[in-house]
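For reference, the structure discussed in these notes is given below.
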Amino acid sequence: MNKPALRELRLAKCMERLGTETAFEVLVKARALEATGRDIVHLEIGEPDFDTPRNIIDAACDALHKGFTHYGPSAGLPQLRETIAQYVSETRRVSATSEEVVVVPGGKPIIFFVILALAEEGDEIIYPNPGFPIYESMINYVGAKAVPIRLREEMDFRLDVDELAGLINDRTKLIILNSPQNPTGGVLTKDDIDDIARAIGDRDVMVLSDEIYSRLIFEGEHHSILSVDGMKDRCILLDGFSKTYAMTGWRMGYGVMRADLATHVARLMTNSVSCTASFTQMAGVEALRGPQDSVDRMCAEFKKRRDVMVAGLNKIKGFSCLLPKGAFYVFPNITGTGWPSKKLADALLDEAGVAGLSGTAFGDFGEGYLRFSVANSIENIEKALERIGGWAAKSL
Ligand SMILES: Cc1ncc(COP(=O)(O)O)c(C=O)c1O
């Protein structure tokens, strides 16, 4: 018998508004090219190429043997929530309690849950552009208005606080900050943070402060808006284990927010994934409490690679690149090539075997830029530079 034809898929309208993260698509395309025998240098995906430190892996194995193999509370195991509360209290110089902590599978779900919990049609959310694409995707998904704040190269990709102040109005529900920033590597200064808090004043506006790269800073130190007097209760801190401890595949992150909002986010956890895996949470306790030298070593290595990548890019025709102050990306200006970003990213992958991302993968204001991750060896970074340089000499 003939198989009946598939009926038309009648998706919910909001799915048309849901975006994606291009890095995963480029990775698939790069892998497909590799399968045909091509050699590709991977500078597209945002994950440390280091192994998770041994003490953390041992703690997870130990937890498995001790029976942490069951469901746990939706908001996270008390041991980990308490450890996170202590860590955040120390690093952000605030007093955080475990009731204010929600442990989730990765940093990303905090974006998902907080926007779901707070925003709807009629609300406005200000977000960095270029920025992590999930912000805009989720804002659009819930039907709120996405209001971009442009990050400019001439300001070292920090945001212009006067411009931000001009975007805040009575409909503004949430402001998303991200420092150190993906994709630009921009870092907000203490003055920036103070000025942003001043621009918000005593308005009833929440701030989602995405600090997932807080430990990966090359110059200066990390400043959090939570530390500003009077701001903590209006802030949701997003942080996690993926980038700091090379634990992207473990899927574990957290949010710190006023306790009543935390119960709502925990309810979203109950409705979606129930809880974060229990044994990984015990490894999270070890990550935060155990030795931290691996974090410092990884950060120093990223800094070396950043220096090689930026110096190399600045020698290539049509490219100019600022020295990013944090995270593990470089964001070269490619307007000198005369090529649009997406076309250039595609050509570098197809013709030069270097996988990077178009700046437009991070929003409209990313046009004129590419993003390369430096989470790869110096040897591979040098190989990528040689290939990009060779391609530019031949094609521009
Ligand atoms: C700015 C930013 N926030 C959040 C995340 C999500 O991190 P996780 O892998 O822990 O979900 C990423 C990951 O690339 C990121 O770049």
Side-chain angles (χ1 to χ4, degrees), residues 19-27 42-50 52 56 76 80 84 102-115 125 127-139 149 151 157-159 174-188 207-217 222 224-225 236-256 265 269 272-273 276-277 280-281 283-284 287-288 295 302 324-331 356-357 359 361-363 366 371-375:
T20 188
E21 197 180 342
T22 313
F24 289 98
E25 287 167 12
V26 175
L27 179 67
H42 288 274
L43 303 181
E44 74 278 42
I45 203 94
E47 69 169 342
D49 53 321
F50 300 96
T52 304
I56 301 175
L80 181 57
I84 291 168
V102 187
V103 181
V104 293
K108 228 178 204 176
I110 289 297
I111 304 170
F112 194 87
F113 293 148
V114 164
I115 292 178
I125 301 183
Y127 70 103
N129 187 330
F132 191 48
I134 301 308
Y135 308 141
E136 191 181 299
S137 166
M138 278 306 297
I139 299 167
I149 169 100
L151 303 187
F157 295 114
R158 292 152 37 236
L159 56 78
L174 185 68
I175 297 171
I176 302 177
L177 301 177
N178 174 213
S179 176
Q181 214 248 353
N182 176 11
T184 65
V187 171
L188 294 171
V207 177
L208 172 57
S209 188
D210 183 341
E211 302 179 20
I212 195 101
Y213 298 100
S214 60
R215 301 280 293 276
L216 298 174
I217 296 231
H222 175 64
S224 169
I225 192 160
I236 300 117
L237 167 71
L238 180 163
D239 205 339
F241 300 85
S242 301
K243 318 284 177 176
T244 308
Y245 301 102
M247 291 172 73
T248 47
W250 293 61
R251 308 313 301 137
M252 186 164 50
Y254 55 87
V256 181
V265 170
M269 277 290 287
S272 51
V273 293
T276 308
T280 60
Q281 292 188 60
L288 290 175
V295 183
F302 283 141
K325 294 195 168 61
F328 44 71
Y329 309 106
V330 300
F331 201 61
L357 298 182
F362 302 92
R371 189 196 80 171
F372 294 115
S373 158
V374 293

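Owing to the predicted nature of the structure, the values given are computational and were not obtained by experimental measurement. Whatever order the structure lists ligands and atoms in, that order sets their numbers, starting from 1.
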Number the atoms of ligand 1 from 1 as they appear, then name those within less than 4.0 Å of a heavy atom of [X], with their elements.
| X | result |
| --- | --- |
| N178 | 1 (C) |
| G106 | 10 (O), 11 (O) |
| Y135 | 1 (C) |
| N182 | 1 (C), 15 (C), 16 (O) |
| Y213 | 1 (C), 14 (O), 15 (C), 16 (O) |

Would F50 and Y245 count as a ring-ring contact (aromatic ring centres under 6.0 Å, His included) here? Give the steps. CA-CA 9 Å; F50 300 96; Y245 301 102; over 10 Å; no

Consider every N or O of [X] and every N or O of ligand 1, then say whether any pair is closer than 3.5 Å.
| X | answer |
| --- | --- |
| E21 | no |
| G107 | yes |
| Y329 | no |

To check your reading of the model: name the closest protein heavy atom to [atom], its residue, and the distance in Å.
| atom | answer |
| --- | --- |
| atom 9 (O) of ligand 1 | R251 NH1, 3.1 Å |
| atom 6 (C) of ligand 1 | K108 N, 3.7 Å |
| atom 3 (N) of ligand 1 | D210 OD2, 2.6 Å |
| atom 12 (C) of ligand 1 | F132 CZ, 3.5 Å |
| atom 13 (C) of ligand 1 | K243 NZ, 2.9 Å |

Does anything in residues 103-113 pair up under salt bridge (Lys or Arg N to Asp or Glu O under 4.0 Å), and if so which pairs, sequence neighbours excluded? E21-K108

Measuring from Y127:OH to M138:CE, what's the distance to the nearest 0.5 Å?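 Output value for this atom pair is 14.0 Å.
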
From CD (E25) to CD (E44), nearest 0.5 Å: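 Going from CD on E25 over to CD on E44, the span is 12.0 Å.
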
Between F362 and F132, does the ring-ring contact (aromatic ring centres under 6.0 Å, His included) criterion hold? Intermediate values first, please. CA-CA 6 Å; F362 302 92; F132 191 48; 8.0 Å; no

Quick one: do the S224 and E211 side chains pair a donor with an acceptor below 3.5 Å?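 Per modelled atom types, S224 and E211 side chains form a pair under 3.5 Å.
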
So, Q181 and T184: side-chain donor and acceptor under 3.5 Å apart, yes or no? yes

For Q181, is the nearest heavy atom under 4.0 Å from an atom of ligand 1? no

Quick check on F241 - does any of its heavy atoms sit under 4.0 Å from an atom of ligand 1? no

Those residues that, when tested against R215, pass salt bridge (charged side-chain N to carboxylate O under 4.0 Å, His left out) (two or more places apart): none

Note: heavy atom closest to atom 10 (O) of ligand 1, options A327, S242, P109, belongs to S242

Classify the angle between the aromatic ring planes of Y329 and Y213 as parallel (below 30°), tilted (30 to 60°) or perpendicular (above 60°). perpendicular

Would you say T248's side chain and S242's backbone share a donor-acceptor pair under 3.5 angstrom?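 No: the side chain of T248 does not pair with the backbone of S242.
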
